[in-house]
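Structure first, then comments.
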2 protein chains.
Amino acid sequence: MKRPVTIRQVARRARVAPSTVSRVLSDEGRISEETRRRVRRALAELDYYPNSAARGLVNGASGRLGIMLSRTAAYGDSHALLPELLRGIGSRAARSGYDLLLASGESMLEELSSLDRLLQGKRVDGVVLFGSGEDDPLLDRLEESSLPFVRIGRHQFRERVPSVDTDNRLAAREAVRHLAELGHARIGFVLGPRGLTSSWDRLEGYEQALREIGVEPAEMWLLEGDGLSFGALRTLSLFLGQPNPPTALIVGDDRLGIFVLRTLVELRVPVPERLALVAFNSSSIADWTIPSLTSLDVGIDQIGTASVDLLLRLCEGEAPTPRSRIVPHRLVARESTLGVKPPASAP
Amino acid sequence: MKRPVTIRQVARRARVAPSTVSRVLSDEGRISEETRRRVRRALAELDYYPNSAARGLVNGASGRLGIMLSRTAAYGDSHALLPELLRGIGSRAARSGYDLLLASGESMLEELSSLDRLLQGKRVDGVVLFGSGEDDPLLDRLEESSLPFVRIGRHQFRERVPSVDTDNRLAAREAVRHLAELGHARIGFVLGPRGLTSSWDRLEGYEQALREIGVEPAEMWLLEGDGLSFGALRTLSLFLGQPNPPTALIVGDDRLGIFVLRTLVELRVPVPERLALVAFNSSSIADWTIPSLTSLDVGIDQIGTASVDLLLRLCEGEAPTPRSRIVPHRLVARESTLGVKPPASAP
DNA sequence: CTGAAAGCGCTTACAG
DNA sequence: CTGAAAGCGCTTACAG
């Protein structure tokens, strides 16, 4: 537990004043080449690292970004997307010299106090909010605070909140187009969690795309994911039992996709032969199901990096226009639409 | 962006010295009830929050814990366990008044520099290491540093590293016992990632338990998860083609379990009728497969909270014995051993 | 019981 | 180009 080296010790060894060391460190102010060299040397020899608290105190900035993980709204796929998101955010933040402070809670109350803590005492310079629902109190709290923040996922009713998102309407249209190319025309839709704007955006894109290929969306083709946990068997068999039933289904997110898949297996409905499936997010789990799920990759790591970029601009007092950012997506075609490849011949 | 309230402003309003405010805050030193009340009032009226940098500077402690996410060793199920782990850690840390700093990287090099950054400049008071392999350089770096740290998962060859883990041997024995109770005697085993001590512990427990029920482990019953990605079909059909093949298989972790399951589906081997399956970790994905996976729940949230507890004791200079902690596990029986329930009658 | 002062490690005008 | 000084917001001996 040796005491860390301070700027004074470096100064003494380099035979200069502490302020000079500081200047060398921040690389500003004129410094003679000779002095600079001496200081650099002392810095290295002593293995100096600046004390972040001291810096923060004088700068008035913490050099930290907060990420608030909302769990109460543990909607949809946020769990599966989290690891990659954190990595994207962390890596970008580090590159800009920022540390990442994590806030979360096991109940809404804990989350709120965790966020409050984050917002007070100069702990962070800005916040990324992930996994929050539309009516999440966390969002209100952030808006009241004076700290800059970015939300992952746009908010239907709060256009002014800076956000980073996929173009979910476009993504849904791509899903429809993919299915249309495979010969499907009667395409159903399962709405994702009602509390997420993305669910509605995807629905909108789906309906629009259907019309674009000359098909009128039918009410009977629409299911609700939120209600599905109970009576899924009944709901789906009614769905498939209607006259001229859909031959394909677009599902709000991967988790829901897996649930639908499970139910179809129980109903002995072959996927994709009788019903093709497209989901959203392409989280790692989409690859693990049987058959694997065709899904729209939202590029969660890019969402992470883009949100840090946006947040840092806000931290610097800029007011970027547009206030929000769109990250490109990509359809990943898998077995739930393409079919299962014949098994490699076993010996 | 209003300036935050400082202790001086509170002092002025309460008509006392800053030091008195500080004493009220920390609740130490004799303070008259009257003064205390006045200060409390001013504190509340001004909505004061202590500046964490200033505190850190004088205390010499940051009030932060670091969590290093090793990804290079993106072994096994660590992804699936991460969200719950973070929540457990975060919640416990918050309760003890600590913030959580996240370090990660997209390559080994980035991870190392991320860790270095964490260890320097008094950023954190201690570190939790998660997801590291046995030969991970991160571990060396942590051992060289003077900061206290705890590793999640014990290390076979470094008994002195404080760690928190499940009793994997015991867990494996429970898996065997579960299968034995269902009538299985010929039980195979798929070794998890070689780079994880847990894999070997589980193997050990498996072999011991087998002997306990009077069955001699056969070499032919043992498979290696690491080599399975290529030629899984061939390997598994050979495995099942041997005379008197196993009727059950214990698999190193959930991810591997899913992979094996997939392969069995392709081979048209019914699970659990012809081959029952038990996996480890009981991450959320174990619930989503078809059939769902019987798995040993390692209680990742408890591992999280226990590691914070242990770490905080280390931070306070204690040398707890034992240096490591064991967290209880629990077998969660699902369809891959119990069989699929007959589908509820559909209308 | 309370206050004035020093100091934590840094940065940044201000002189020179 | 370089140094001495003040100050960021807090805590903690030291007086009284």
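Atom set for the values below is all heavy atoms of this structure, side chains included, hydrogens, waters and symmetry mates excluded. Chain identifiers are assigned alphabetically (A, B, ...) following the order of the sequence lines, protein sequences preceding nucleic acid strands; residue numbering begins at 1 within each chain.
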(request) Rounded to the nearest 0.5 Å, what's the gap from CZ on A:Arg158 to OG1 on A:Thr197? Could you check? (result) 10.0 Å
(message) Under 4.0 Å between a side-chain nitrogen and a carboxylate oxygen: does that hold for A:Asp136 and A:Arg141?
(response) no
(request) Return the value, rounded to whole Å, for the distance between atom CD of A:Gln9 and atom C1' of C:dC10. (result) 14 Å
(request) Find the distance B:Tyr49:OH to D:dC10:P and express it as a whole number of Å. (result) 14 Å
(message) Going by the rule side-chain hydrogen bond (donor to acceptor under 3.5 Å, both in side chains), which residues pair with A:Asn59 if we only count those two or more places apart in sequence or in a different chain?
(response) none
(request) Could you check which of C:dC10, D:dC10, D:dG9 has an atom nearest any side-chain atom of A:Arg55? (result) C:dC10
Just the table, please: protein N/O against nucleotides 13-16 of chain D N/O, every pair under 3.5 Å.
{"from": "D:dA13", "atom 1": "N6", "to": "B:Arg23", "atom 2": "NH2", "distance (Å)": "2.7"}

(request) Provide, to the nearest angstrom, the distance between the CG atom belonging to B:Asn51 and the P atom belonging to C:dC8. (result) 18 Å
(request) Figure out the CZ/C1' separation between B:Arg15 and C:dG3, and round it to whole Å. (result) 16 Å
(request) Return the value, rounded to whole Å, for the distance between atom CZ of B:Arg36 and atom P of C:dC1. (result) 9 Å
(message) Nearest heavy atom decides the nucleotide; on that basis, is B:Ala17 or B:Val58 closer to the 5' end of DNA chain C?
(response) B:Ala17
(request) Compare side-chain N and O positions of B:Thr20 against OP1 and OP2 of C:dG3 and report whether any pair is under 4.0 Å apart. (result) yes
(request) Take atom CD1 of A:Ile7 and atom P of C:dG7, then tell me their distance rounded to the nearest Å. (result) 18 Å
(message) How many whole angstroms separate atom CG of A:Leu57 from atom C1' of D:dG7?
(response) 9 Å
(request) Round to the nearest Å and state the distance from B:Ile31 atom CD1 to D:dT12 atom C1'. (result) 13 Å
(message) Students often get this wrong, so: under 4.0 angstrom with heavy atoms, is B:Thr35 touching a base, only sugar-phosphate, or nothing?
(response) sugar-phosphate
(request) Using a heavy-atom cut-off of under 4.0 Å over every strand shown, decide if A:Ser22 touches base, sugar-phosphate, or nothing. (result) base
(message) So, using side-chain hydrogen bond (donor to acceptor under 3.5 Å, both in side chains) as the criterion, who are the partners of A:Thr305 when residues are at least two apart?
(response) none
(request) For a side-chain contact (heavy atoms from CB on, under 4.5 Å) with B:Met68, tell me which candidate from B:Val124, B:Leu115, B:Leu102 qualifies. (result) B:Leu115
(message) Taking Watson-Crick (N1-N3 plus N6-O4 or O6-N4) and G-U wobble (N1-O2, O6-N3), each under 3.5 Å, can you produce the dot-bracket string of DNA chain C? Use [ ] for crossing pairs and | for inter-strand ones.
(response) |||.||||||||.|||
(request) Could you list the residues that satisfy side-chain hydrogen bond (donor to acceptor under 3.5 Å, both in side chains) with A:Arg87, not counting sequence neighbours? (result) none
(message) Walk me through whether B:Arg92 and B:Tyr98 qualify under side chain to side chain contact (heavy atoms under 4.5 Å, CB included).
(response) CA-CA 9 Å; B:Arg92 186 57 133 249; B:Tyr98 282 81; over 6 Å; no
Show every donor-acceptor pair shorter than 3.5 Å between a side-chain atom in residues 11-22 of chain B and any protein atom, with sequence neighbours excluded, or say none if there are none.
{"from": "B:Arg13", "atom 1": "NH1", "to": "B:Glu45", "atom 2": "OE1", "distance (Å)": "2.1"}

(message) Strictly below 4.0 Å, N to O, side chains only: are A:Glu33 and A:Arg36 in salt-bridge contact?
(response) yes
